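Basis for what follows: all heavy atoms, side chains included, without hydrogens, waters or symmetry-related copies. Order of the sequence lines fixes the chain letters, A, B, ..., with proteins taken first and strands second; residue numbering starts at 1 for each chain. All values reported here derive from a predicted model rather than from experimental measurement.
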Amino acid sequence: MNGEVRITPELVAEHGLTAEEYARILEILGREPNLVELGIFAVMWSEHCSYKSSKTHLAKFPTTAPWVICGPGENAGVVDIGDGLAAVFKMESHNHPSFIEPYQGAATGVGGILRDVFTMGARPVALLDALRFGDPAHPRTRWLVSGVVAGIGGYGNCVGVPTVGGETTFHRAYDGNILVNVMCVGIAPADRVFYARAAGVGNPVVYVGAKTGRDGIHGATMASAEFDERSEEKRPTVQVGDPFTEKLLIEACLELMASDCVVAIQDMGAAGLTSSSCEMAARGGTGIELDLDAVPLREEGMTAYEIMLSESQERMLLVLREGREDQARRIFAKWDLDFAVIGKVTGSGRLVARHGGRTVVDVPVAAVSGASPVYDRPFELPAPAAPYDPDERVDRIAADEALLRLLGSPDLASRRWIYEQYDYMVMADTVQRPGGDAAVVRIHGSNRGLALTTDCTPRYCAADPRTGGCQAVAESYRNLTAVGARPLAITNCLNFGNPERPAIMGQLVAAIEGMSEACRALDYPVVSGNVSLYNETMGRAILPTPQVGGLGLVEDLDRMVGIAWSEEGLRLLLVGDTVGWLGCSLFLRELFGLEAGAPPPVDLAAERRHADFVRGCIAAGLVRACHDLSDGGLAVAVAEMCLASGGGARIHLPPRVGLRNAWLFGEDQARYLLAVAPHTVGELARRAAAAGVPMVEIGDTGGDALILGDARPISLAVLRRAHEAWFPRYMEG
Amino acid sequence: MIAQVRIRYRPGVLDPEARAIARALASLGYRDVRSVARAKIIELELATSDRAEAERQVREMCDRLLANPVIETYEVSLGD
Amino acid sequence: MIAQVRIRYRPGVLDPEARAIARALASLGYRDVRSVARAKIIELELATSDRAEAERQVREMCDRLLANPVIETYEVSLGD
Amino acid sequence: MRAAVVTFPGSNCDRDLAVAMEAVFGRPVLRVWHADSELPPVDVVGIPGGFSYGDYLRPGAIAARSPILRAVIRAAERGVAVLGICNGFQILTEAGLLPGALIRNVGLAFVCREVELEVATTASPFTCAYPARARIRLPVAHHDGNYVADVETLDRLEAEDRIAFRYLDNPNGSARGIAGVLNARRNVLGMMPHPERACDPKLGGTDGIPLFRSLLSALVA
Ligand SMILES: Nc1ncnc2c1ncn2[C@@H]1O[C@H](COP(=O)(O)OP(=O)(O)O)[C@@H](O)[C@H]1O
Ligand SMILES: [Mg+2]
């Protein structure tokens, strides 16, 4: 049947391919493709799978360090964490599906990123979710928040991987395009990491997991197409996840990988069987022959097109050592999962598929997978925003009132409503729960831990994508440092609008440059990532959102700190320079309705110096609690520490402070707030001076109120109400 | 008046729960079960006695809240 | 043959989901809804065509697995 | 002290429970697979949390009909201690070893947080090491922890001192704040909170340790 469909220009366009791209296909094949082949090229050359708009710029990321075992290019990045172990991690977006069907979209996003990690032989140990929603007042927002959070919890809780952190912010720019970015971290023996390289001509290609249905056919092209009013019609492309099957798949795959049966393994993610087989063959420099009649199917009468392009969840493709089929089959039978030998590795360099006695696909894998088009799209670098120059008007609002309003604003209110729907404790290794800076999961059976965080400040990126990209990396570095971890590497998810518009392309280019500069200066390479473009609805793009996921190592959990102190009478030390930068601050936005100015500059040398200092003090046991300063500045940081501690604090304003609120709420970078025992202040000051790190004593802990200079004391109860009330009240409607 | 809404998955949508039930029945020895499907019923007691109006209202409720059109279809039936 | 099992909570078991639906409908402005109840349907396709045998088997499945007698009641109906 | 933990497809707290038991009992815990039809000779069997069979049909329903559960029921009849936590509690009610049932939380959402509990009886091999009426903190993490039973059953549970734990701040709507119940013979306990997640100061609490200590002192007499 398939071979008989005439390939018209309309059909080519419907597949999201340009006329030039189609001409290229004709050239590669030396003939017209049939419909199945057209579908294969379309998904493999979609933005989502081919990175055709971002590839040339992504090459700027620094990706190596002595501890990097595997950088970008595989299913996930791999770094050495000592003791013969490796951390395997990656972040991925599921933005469009989550906008259409928030529960299943978010749930299958979790499923997909889990597979990227256990496919490399790592047991997933933590999940994080970075979420961007539209204006809380937008009629769809509440429904989206509730569905996305339930979906992430529904999947993560069931597979039994703790969701330990993330981010959630709201901005009207996401009204028509929410962002759901999920990060997964796993741990594997460093010498037993598995790669997706099909090798060994004659080795069997094996399908395991759930059966193939008509789910999400053309999901990958959907994820790359700009939303328009017709997206309603694309609805059936939503997949339904089955976390129970995923859990079985994790256990079965890890059990199999502990044997020596596996040559290569790859999850079937976007573009399912097509991308997994093409990529495995392309990476291995081999070919693959598939018998589509052997693929386990959920529905009758599925065509070759549907089988090749289905995005049914919870499936994996393996290359086994010849003769190990039965050993592998027994493991999958034990876990009640489908197992089928569906092909073999060849030396032809081609992907060949047969169905119903006919050859339905015969394409060269290198061209499909490697030689996809690359676009050096024109870009315009954005003009830098003019700095905002605050005047005495910002001090007209009392500090206590400003703080309460900020703490109760959508972007700063407590995320308890979200994270209590996530099982953040399963696996019994979560030693820093959500609510602080970085989450920390213990490396099972040891006294060491992985520190994890996701960060990005889209309002900074909108005003200046280069500084914003730099800041996102720096903030993640600080969050890891604040618990005492040594930052090792990042993953990322670049969420932008339509790259065919030079202004958007400029944001992408500038953000990548800013991130790269920060990664280089901080010795903090990029080991994996994902790009999500075309996040636009009817010409309105999201804020540029280069989401960063950071991973660090805590060498001694007895020396880890959190944001809570447990004693009165501790001294509060502010590390870093405070000029009172209000441009792009939450203070301006929430209290004056101003989204104005340039973002705070990022001094990477200072970031590194201050972080080394703070980490050193924590390792020396000199710090009782630590918090990095970010959204809302000093006042918000100290308030969050008070809330976590259940105790009050007093902040003394320095004598010549200038604008009080700028000092309290400014978002200058490279800063930390430390709570330390009084008798160690001298030692800390000596260390700071020696390291050239600015540090001032600004207050102490005690009582049951927070007192900001001469403002009215805010009782802890009032503070807590302001912080906790917004989310549940909003969600109740 | 009682209105009944019967909601089921669209054809082709994966229903892992139905599959789990089928397997559990098989493992209990019920070899006769060829397939399992699920549906859910929401029963509404309405104040109105105008059938046309009731039907219109209930359909609207389905579209707005009760059913998820992306993956589900529904049928409305009115009792008395 | 198709057998349908209709399972619902026993009277006295407060169904939190039904309550939530009622509340959500009210907040959407449907003041006419007096009460909401839920049931689930499990549809079994059976190999047998003996109605009595089918009914016996399906009741047994309900007692052994499909319904929890502590909180649920069930009804079986046979199609054709 | 010989202990076993059962793993069902979808269990995800089996390792956590075994680790906690091993720390307190001081010896390895046997791991048992759901398809086994025999239990090894043990003094206590743990039925762990998670989502056995995806929680499909009803949480615990399918696991309750698995081969190993028949062995667990026989063991319970012989007096072996059986501890069901979270999904394990759901499985034990579905299996008829414990009265009542667990339905969807009143808030409808999954809830993961630390809760305060009262140890409502110390007259059991699971709670004898707690001080009478102790107030303890344990994590909960569940979607279906709302305990329901008819009034006569609830009255009987109270009259027979079979409520092991009560919530002080009910997170799920459970009848009479019930967080854990005992069978009539007092050798089977089902509870929604997770004592195995509170056996290590690094994880934020140690109030679960006395539960395992209780077993140690009651069973190794
Ligand atoms: N969607 C989410 N899922 C889980 N945890 C979240 C989520 N959003 C925020 N959190 C948690 O809430 C806390 C505060 O988040 P955030 O203000 O973004 O921290 P920071 O400014 O230190 O990066 C963090 O512990 C974070 O992990
Ligand atoms: Mg922070």
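- Residues of residues 106-115 of chain D that come closer than 4.5 Å to chain C, counting heavy atoms only, are D:Val106, D:Leu108, ordered by residue number.
- More than 12 heavy atoms of other shown residues, nucleotides or ligands fall within 6.0 angstrom of atom CD in D:Glu116.
- Heavy atoms closer than 4.5 Å to chain D are found nowhere in C:Ile7, neither backbone nor side chain.
- For CZ of D:Arg31, the number of neighbouring non-hydrogen atoms (other residues, nucleotides, ligands) closer than 6.0 Å is greater than 12.
- Note: C:Leu66 leads C:Leu66, C:Ile71, C:Val13 in heavy-atom pairs under 4.5 Å with chain D.
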Next item on the list: Determine, step by step, whether D:Thr93 and C:Val70 satisfy the side-chain contact (heavy atoms from CB on, under 4.5 Å) criterion, reporting the C-alpha distance in whole Å, the side-chain angles of both residues, the deciding distance to 0.1 Å, and the verdict.
Entry: CA-CA 9 Å; D:Thr93 57; C:Val70 175; over 6 Å; no
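- In this structure, CG on D:Leu57 lies 5.5 Å from CD1 on C:Ile42, to the nearest 0.5 angstrom.
- Of the two parts of C:Arg19, only the side chain, counted from C-beta on, holds a non-hydrogen atom closer than 4.5 Å to a non-hydrogen atom of chain D.
- When every heavy atom of C:Arg64 is checked against every heavy atom of D:Arg65, the shortest pair comes out as O-NE, 2.6 Å.
- Using a 4.5 Å cut-off between heavy atoms, C:Leu65 contacts chain D through both its backbone and its side chain.
- Both the backbone and the side chain of D:Arg104 have a heavy atom closer than 4.5 Å to some heavy atom of chain C.
- Contacts of D:Asn105 with chain C are made by backbone atoms alone, with heavy-atom separations under 4.5 Å and no side-chain atom involved.
- Tested against C:Pro16 for a side chain to side chain contact (heavy atoms under 4.5 Å, CB included), the candidates D:Ile103, D:Asp144, D:Asn172 yield a single pass: D:Ile103.
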